[in-house]
**Q** 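To start, I am sharing the structure in question, which I have written as structure tokens.
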Amino acid sequence: MYRSFFMRILFTLFFLLSCFPFSAQAYLDPGAGSMVIQVLMAGVAGVIAFIKLYGKQAFSALKKMFSNDKNG
């Protein structure tokens, strides 16, 4: 019980602090752009791999969820 309450307080504090950011004084070097591109390419590759491996099951499950069958 106390742990859940403590976690809620921590989450709320973190959320409030992230809503009001302070000045970061950050520097983006040229390598940051290539890292962003790599992350985007990895995301696309992950989506393609997911569709290749689990596409039929995912689409059939979605088809069952959104079918207009009134059998029940």
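All figures in this text were calculated on a predicted structure; none of them were measured in a lab. Count residues from 1 along the sequence.
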**Q** Hey, does Val44 have a side-chain heavy atom less than 4.5 Å from the side chain of Ile48?
**A**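 Sidechains of Val44 and Ile48: in contact.
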
**Q** Which residues satisfy the ring-ring contact (aromatic ring centres under 6.0 Å, His included) test with Tyr54, sequence neighbours excluded?
**A**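 Partners of Tyr54 by the ring-ring contact (aromatic ring centres under 6.0 Å, His included) criterion, ordered by chain and then number, come out as Phe50.
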
**Q** Please round to the nearest 0.5 Å and tell me the distance separating atom CD1 of Ile9 and atom CG of Leu13.
**A**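 If I round to the nearest 0.5 Å, the distance is 9.0 Å.
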
**Q** Under 3.5 Å, side-chain donor or acceptor atoms of residues 57-66 against the rest of the protein: list the pairs with distances, not counting sequence neighbours.
**A**
| residue | atom | partner | partner atom | Å |
| --- | --- | --- | --- | --- |
| Ser60 | OG | Lys56 | O | 3.1 |
| Ser60 | OG | Gln57 | O | 3.0 |

**Q** Rounded to the nearest 0.5 Å, how far apart are OG1 of Thr12 and CE of Met7?
**A**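 So the OG1 of Thr12 and the CE of Met7 are separated by 11.0 Å.
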
